[in-house]
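Heads up: the structure comes next, in structure tokens.
Fair warning: this is a prediction, and the values are worked out from it, not measured in the lab. Reminder, nothing fancy here: chain letters follow the sequence lines and each chain counts from 1.
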Amino acid sequence: MKLNEIIQKQGTSPDKLINILMEYQKTKNTKELTREDLKIVAQELGVTEALVYQVATFYTLLSTKNRGVHIIQVCEDIPCYVNGSVNVVAELENKLKIKMGETTYDNMFTLEHTSCLGCCNMAPAMRVDGKLIGNLTPEKISEIIDEYRGEKK
Amino acid sequence: MSGKELKILTNRFDKIDPASIDDYINTGGYKALKKALEMPREEIIKQVKASNLRGRGGAAFPTGIKLESVYKEREAQKYLVCNADEGEPGNFKDRFLIENDPHQVIEGMIICAFAVGSSKGYIYVRGEYDKPISLLKTAIEQAKAKNFLGGGILGTSFNFELEVRTGAGAYVCGEEFALIESIEGKSGKPRFKPPFPTMVGVFNKPTLLNNVETYSNIPYIINEGGEKFAAIGTPSSSGTRLISLSGNVNNKGLFEVPFGVSIREIIDLLGKGIPNGRKIKMVQLAGASGPIIPENMLDLRIDYKEMADNNLSLGSGAIIVIDDRFDVLDIVYRIAKFFEHESCGKCTPCRNGNKQLVKIIKKFVTKTATEKDLSRLDILINVMTQASLCGLGQAAPTAIATTMKYFNEDYLGGICENEKAVAIGG
Ligand SMILES: Cc1cc2nc3c(=O)[nH]c(=O)nc-3n(C[C@H](O)[C@H](O)[C@H](O)COP(=O)(O)O)c2cc1C
Ligand code: SF4
Ligand code: FES
């Protein structure tokens with residue numbers, strides 16, 4: 001969906017700003033909000049560009065940086081940490097050949113840290129795009145990544 | 001089911017299809033709403049007050065009094081907000097409540113809206129909760145189709161619209177004013193209090209803001225009466241409590257217990273003990289902002305008074321068990337990093353205080369701290385708890401303050417050897 005269509009659907013009242021940015025970002029392959037995007041939103045909602053920029057940089061689910069097609073967020077808070085989230089990170093870094101915070105060369109995956117995902121009953125947990133996945137083991141992680149990679153072909 | 005459990009809020013879990021409003025209705029759902037619509041609004045508030053229900057979002061404020069405050073406001077437009085931001089590490093009860101019984105919280109909200117005279121409500125759900133968000137949206141459409149929501153609800157003159165708003169990843173947005181700012185489309189930065197949201201909330205109108213679990217208790221209270229609810233639990237704490245049990249336990253999960261059950265009973269009987277026969281090193285209550293206690297305090301009971309008497313709080317009901325493979329200072333360091341990251345930066349004690357806490361705790365972790373760092377921590381903790389603008393900064397040092405009290409030897413072990421000699425010698 002185009003940005004203008006999303007704005008039309010959500011409405012132009014300024015309180016819709018966050019939901020518009022969230023929805024639009026999801027549709028983009030680079031999962032980022034560019035200066036141009038923010039400018040358009042500001043104009044349409046009749047608010048300053050500075051306010052839109054402030055919101056886009058305040059929330060961690062919004063990004064003004066280029067990211068991969070799939071966003072992998074790993075939880076490292078205490079309930080996950082004591083259940084081995086360190087191994088999860090190590091396995092993902094090893095498998096994707098990138099470090100935390102980086103994007104793969106083929107632009108398929110970005111690896112991010114996240115605060116608790118509310119899945120501590122299945123710790124260690126992560127979120128891939130919109131899906132919460134728990135009880136992670138190195139084998140399971142390997143399978144999940146292979147699956148997403150297979151999708152591409 | 002263990003004898004320690006009591007299922008009131010979780011009664012429908014696994015028995016109904018959460019996506020079916022008929023399942024909800026066939027199991028007694030929306031009966032409370034019909035009853036409430038025939039009651040005087042003052043009587044609904046009276047029942048909630050009699051129930052002794054206190055907010056389950058963390059602050060434990062009496063819900064009936066909050067309802068009454070909003071009811072008494074004389075503005076034509078009032079708002080209702082449900083806090084489903086659930087960002088406190090270790091908590092997942094609100095996700096369970098929505099994923100298993102979305103109409104229960106909606107029914108609770110409609111009843112409260114009728115009681116306080118609100119025509120518009122928001123459910124603010126954290127952006128990471130994709131499934132709860134879509135279930136709630138479906139449930140709202142279903143409730144509209146049956147005229148439990150919308151105009152002239154069930155033939156009365158009462159109108160109420162409900163809308164789902166999503167967060168976008170910010171722990172601080174669980175704080176009531178940060179959440180209100182976020183609903184208004186801004187960055188989630190807390191406001192000064194007073195005035196409280198009950199007077200000046202969303203779009204500067206009186207607002208009733210409650211947690212998912214708090215609203216979910218309302219249908220039971222209306223159906224069964226406040227007194228019956230008040231009789232469950234202990235004299236100081238009525239009803240049941242949803243416990244999010246996580247960390248190093250065999251049976252992690254959500255459990256509903258009446259107040260009065262001890263932490264040890266929850267860990268042993270419901271959590272089925274610690275994996276691989278290990279020992280408990282520490283238990284964190286409430287979440288990252290909560291106290292850390294040693295094994296010998298686990299006989300404390302889930303009870304507002306007993307907790308407060310011991311300067312503890314259970315927050316929104318998380319119990320995080322940590323076994324003896326883990327080091328107290330390492331855990332505390334990670335918690336300090338969490339708050340450094342989540343501070344919104346609006347006020348100095350929290351923005352700078354959390355940075356300093358991280359720095360000082362790091363010295364203890366690397367065994368390069370000095371005696372002076374202990375008193376530095378004391379001063380910092382004092383400033384942050386007294387002078388921070390919102391609960392985030394006020395509660396951020398709780399894990400440090402409680403471990404300094406209960407695990408003092410670990411801190412002494414973090415002081416560098418030369419320093420110790422100097423300290424003793426001079
Ligand atoms: C940093 C911070 C985070 C909070 N997060 C939540 C949350 O995720 N959910 C919640 O219900 N309350 C949260 N609270 C408490 C709310 O500010 C508020 O007290 C509560 O939602 C009121 O509802 P209740 O009376 O039903 O508990 C948080 C408070 C602070 C200071
Ligand atoms: S205490 Fe922290 S989170 Fe709260 S307003 Fe101050 S800086 Fe922001
Ligand atoms: S701590 Fe990882 S999901 Fe809660």
Show the nearest heavy-atom pair for residues [X] and [Y], with the distance to one decimal.
{"X": "B:Leu389", "Y": "B:Cys347", "answer": "N-SG, 3.4 Å"}
{"X": "B:Lys281", "Y": "B:Asp323", "answer": "CB-O, 3.4 Å"}
{"X": "A:Tyr59", "Y": "B:Cys173", "answer": "CE2-SG, 3.7 Å"}
{"X": "B:Val125", "Y": "B:Tyr129", "answer": "CG1-CB, 3.8 Å"}

Under 4.5 Å from any heavy atom of chain A - which part of [X]:
{"X": "B:Ile320", "value": "side chain"}
{"X": "B:Asn91", "value": "backbone"}
{"X": "B:Ser182", "value": "both"}
{"X": "B:Glu86", "value": "neither"}
{"X": "B:Val249", "value": "neither"}
{"X": "B:Val164", "value": "backbone"}
{"X": "B:Phe338", "value": "side chain"}
{"X": "B:Arg126", "value": "side chain"}

>> One pair to check against salt bridge (Lys or Arg N to Asp or Glu O under 4.0 Å): B:Arg191 and B:Glu181. What are the steps and the verdict?
In response: CA-CA 9 Å; B:Arg191 300 177 189 164; B:Glu181 289 277 314; 2.7 Å; yes
> So, A:Ser115 and B:Glu342: side-chain donor and acceptor under 3.5 Å apart, yes or no?
Replying inline: yes
>> Can a side-chain donor-acceptor contact be found between A:Thr104 and A:Lys97 if the only test is distance below 3.5 angstrom?
In response: no
Residue among [options] with most heavy-atom pairs under 4.5 Å to chain A:
{"options": "B:Leu254, B:Ile331, B:Ile335, B:Ile322", "answer": "B:Ile331"}
{"options": "B:Lys337, B:Lys93, B:Lys252", "answer": "B:Lys252"}
{"options": "B:Ala170, B:Ala168, B:Gly90, B:Gly169", "answer": "B:Ala168"}
{"options": "B:Gly87, B:Gly167, B:Gly188", "answer": "B:Gly188"}

In terms of heavy-atom pairs under 4.5 Å with chain B, which of [options] leads?
{"options": "A:Leu45, A:Leu132, A:Ile18, A:Leu17", "result": "A:Ile18"}
{"options": "A:Asn121, A:Asp77, A:Thr114, A:Asn19", "result": "A:Asn121"}
{"options": "A:Leu62, A:Leu117, A:Leu21, A:Ile20", "result": "A:Leu117"}

> Is atom CZ of A:Arg35 surrounded by more than 12 heavy atoms (other residues, nucleotides or ligands) closer than 6.0 Å?
Replying inline: no
> Can you say whether the rings of B:Phe96 and B:Phe13 are parallel (under 30°), tilted (30 to 60°) or perpendicular (over 60°)?
Replying inline: parallel
> Which region of A:Cys80, side chain (C-beta onward) or backbone (N, CA, C, O), has a non-hydrogen atom less than 4.5 Å from a non-hydrogen atom of chain B, or is it both or neither?
Replying inline: neither
> Is the NZ or CZ atom of A:Arg149 positioned over A:Phe109's six-membered ring, under 6.0 angstrom from the centre and within 45° of the axis?
Replying inline: no
